[in-house]
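What you are looking at is a predicted structure, and each value in this text was computed from that prediction instead of being measured. In what follows, chains carry the letters A, B, and so on, assigned in the order in which the sequence lines appear, proteins first and then strands, with residues in each chain numbered from 1.
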Protein chains: 2
Amino acid sequence: MDPTVVGTRQSRRDDVLDAAIEVFHDKGYAAASIQDVAERVGVLKGSLYYYIDSKEDLLSHVFDTSDEQSRAIMEGVTEMDAPALEKLRSFVYEWSLWHLSNLERASVYFREWRHLDGRQQGAVRRKRREYEGFLIDLLEATKAEGQAAAGLDPRYVCFFTLSALNGLPSWYRDQGGDSAEYIAGAYAEMVVGMVRGTAAASRGRVRG
Amino acid sequence: MDPTVVGTRQSRRDDVLDAAIEVFHDKGYAAASIQDVAERVGVLKGSLYYYIDSKEDLLSHVFDTSDEQSRAIMEGVTEMDAPALEKLRSFVYEWSLWHLSNLERASVYFREWRHLDGRQQGAVRRKRREYEGFLIDLLEATKAEGQAAAGLDPRYVCFFTLSALNGLPSWYRDQGGDSAEYIAGAYAEMVVGMVRGTAAASRGRVRG
DNA sequence: CACGTTACCAGACAATCGTTTGGTAGATAA
DNA sequence: TTATCTACCAAACGATTGTCTGGTAACGTG
């Protein structure tokens with residue numbers, strides 16, 4: 001066993017799972033081979049089947065643990081005692097920070113869900129609609145409290161925002177530049193500014 | 001030859017290229033097989049090599065034609081005689097509309113560039129930096145003309161916006177709902193609102 | 001009619017893939 | 001000591017992959 005390859009002090013199975021996330025992030029799930037994962041762990045590919053059932057098994061685990069963490073963020077925001085606009089700011093901040101703190105996991109999460117089987121794909125779609133519903137509710141509450149522009153369409157603001165956050169892992173590089181907290185703050189401010197600032201703009205537009 | 005499979009009146013080679021885009025969009029480049037493409041065209045897989053040199057050849061053609069169209073959009077905006085904020089609105093509108101009018105092509109473009117060889121990957125990265133530079137310049141011009149919020153960081157606004165547009169193909173469904181033009185307009189207004197509206201928000205923040 | 005070109009098909013190729021099997025050195029437990 | 005369990009290795013498996021080869025029916029051109 002090589003302690004430089006094996007992580008600090010987690011179980012061997014977690015090492016395998018972490019290696020899989022990195023490999024799937026680098027090559028994409030379909031192009032990545034079980035052999036790639038095994039090499040990163042430091043065993044032969046057949047040996048991986050001592051820890052896993054299948055290649056898809058590796059992928060689906062990425063989604064399970066991600067779902068737990070996102071649920072915690074939404075619950076935290078729900079329990080806040082603050083105006084809707086502040087809840088919105090907080091949600092965007094926390095969700096941005098999660099993307100920045102889990103770059104590989106986040107990018108695998110929203111890029112590779114097609115390769116799950118039908119049952120799990122349904123679960124992912126349901127989860128995504130949960131984010132969307134949560135954010136749309138937040139935006140509508142902001143409107144109801146008179147803090148949002150009148151012509152604002154919560155559905156499109158929602159898609160716009162979530163897509164922007166999903167893109168974080170594709171350009172953010174860890175070393176140098178601003179901290180993850182600063183960037184998450186900037187993202188939160190941008191969304192808040194967008195929600196407050198669209199007012200006059202939608203004058204005279206015809207719904208197509 | 002089956003006229004229901006073959007397109008209206010373009011060359012057979014274009015049929016192959018179009019089929020490839022659809023298959024790559026549905027399954028992802030790595031998971032899609034040459035056989036899948038051949039089936040959609042209506043020939044055996046070996047026959048495709050009469051039209052193409054390799055599988056990667058199919059992919060790289062997606063990028064070539066996309067680059068031409070995006071260049072046209074940027075040139076059109078550059079030639080506008082209007083305030084920077086209006087140029088910005090126009091750029092976001094046109095670029096959104098392109099994504100909505102080329103759903104499969106757009107999603108393949110920004111998801112599958114990893115599977116190109118090193119030379120073409122470099123070209124893609126250069127092109128992407130071209131968008132970013134173009135948009136950042138536009139944002140800085142808007143600031144210089146006093147139309148943008150003071151605390152606004154053009155780099156992050158740029159990443160935020162481009163990621164949001166890249167996400168369009170992942171949620172937009174063609175039938176029903178608002179027209180592509182309406183959505184592109186809404187996206188343009190959101191960006192304009194965000195640029196104008198971030199002013200007071202960044203008070204008291206410390207760069208990390 | 002002869003001839004070259006177009007647009008394929010049929011079949012094979014080596015390589016790679018995910019997965020299974022049987023085995024085994026070393027640690028632990030009885 | 002013997003038996004059991006853990007954590008692998010070595011080797012093979014059938015299937016699928018991208019690609020190549022040789023052939024050929026249909027067709028336009030001289």
Nucleotide nearest A:Lys45 when distance is taken to its side chain, options D:dA10, C:dT19, D:dC8
C:dT19

May I have the distance from A:Leu44 (atom CG) to D:dC9 (atom P), rounded to whole angstrom?
4 Å

To check you understand the geometry: which heavy-atom pair defines the closest contact between B:Met74 and B:Glu130, and what is its length?
CE-OE2, 3.4 Å

Comparing nearest nucleotides in DNA chain C, the 5'-proximal residue of the pair A:Asp53, A:Ala31 is A:Ala31

Would you kindly give the CD1-to-P distance between A:Ile34 and D:dA15, to the nearest whole Å?
20 Å

Begin from the C-alpha positions of A:Arg40 and A:Asp26 and carry the test salt bridge (Lys or Arg N to Asp or Glu O under 4.0 Å) through to its verdict.
CA-CA 12 Å; A:Arg40 191 164 297 223; A:Asp26 288 350; 3.4 Å; yes

OP1, OP2 of D:dG18 versus side-chain N and O of B:Gln35: anything below 4.0 Å?
no

Nearest-neighbour nucleotide for the B:Lys55 side chain, D:dG18, D:dC8, C:dA7 considered
D:dG18

Tell me which one of B:Tyr131, B:Trp98, B:Tyr109 satisfies side chain to side chain contact (heavy atoms under 4.5 Å, CB included) with B:Ser70.
B:Tyr131

Between NE2 of B:His115 and P of D:dT17 the distance, given in whole Å, is 15 Å

Minimum-distance nucleotide to B:Ser33 side chain [options: D:dC9, C:dA7, D:dT17]
D:dT17

Can a donor-acceptor pair be found between the side chains of B:Glu112 and B:His115 at a distance below 3.5 Å?
yes

Please report the distance, rounded to the nearest Å, between CD1 in B:Ile52 and P in D:dT19.
7 Å

Whichever of A:Ala30 and B:Val43 has its nearest DNA chain C nucleotide further upstream toward 5':
B:Val43

What verdict does the salt bridge (Lys or Arg N to Asp or Glu O under 4.0 Å) test give for A:Arg89 and A:Glu189, after you've listed the backbone C-alpha separation in whole Å, the side-chain angles of each residue and the deciding distance to 0.1 Å?
CA-CA 7 Å; A:Arg89 188 203 306 276; A:Glu189 299 305 337; 2.6 Å; yes

Which nucleotide sits closest to the side chain of B:Arg12: C:dG18, C:dC8, D:dC8?
C:dC8

Give the nucleotide from the list D:dG18, C:dC9, D:dA7 with an atom nearest to the side chain of A:Tyr51.
D:dA7

Would you mind reading off the distance between B:Asp36 atom CG and D:dT16 atom C1', rounded to a whole angstrom?
11 Å

Name the orientation class of the two ring planes belonging to B:Phe159 and A:Trp171 (parallel below 30°, tilted from 30 to 60°, perpendicular beyond 60°).
parallel

Are OP1 or OP2 of D:dC9 and a side-chain N or O of A:Ser47 less than 4.0 angstrom apart?
yes

Inter-end axis angle, the helix from C:dC1-D:dG30 to C:dA12-D:dT19, with every axis fitted to five base pairs (rounded, 10 degrees):
10°

Any side-chain N or O of A:Tyr50 under 4.0 Å from OP1/OP2 of D:dA7?
yes

Candidates C:dT19, D:dC8, D:dG18 - which lies nearest the side chain of A:Tyr49
C:dT19

Give the rounded distance in Å between these two atoms: CG of A:Leu48 and P of D:dT6.
18 Å

Of the non-hydrogen atoms in B:Cys158 and B:Ile136, which two are nearest, and what is the gap between them?
CB-CG1, 3.7 Å

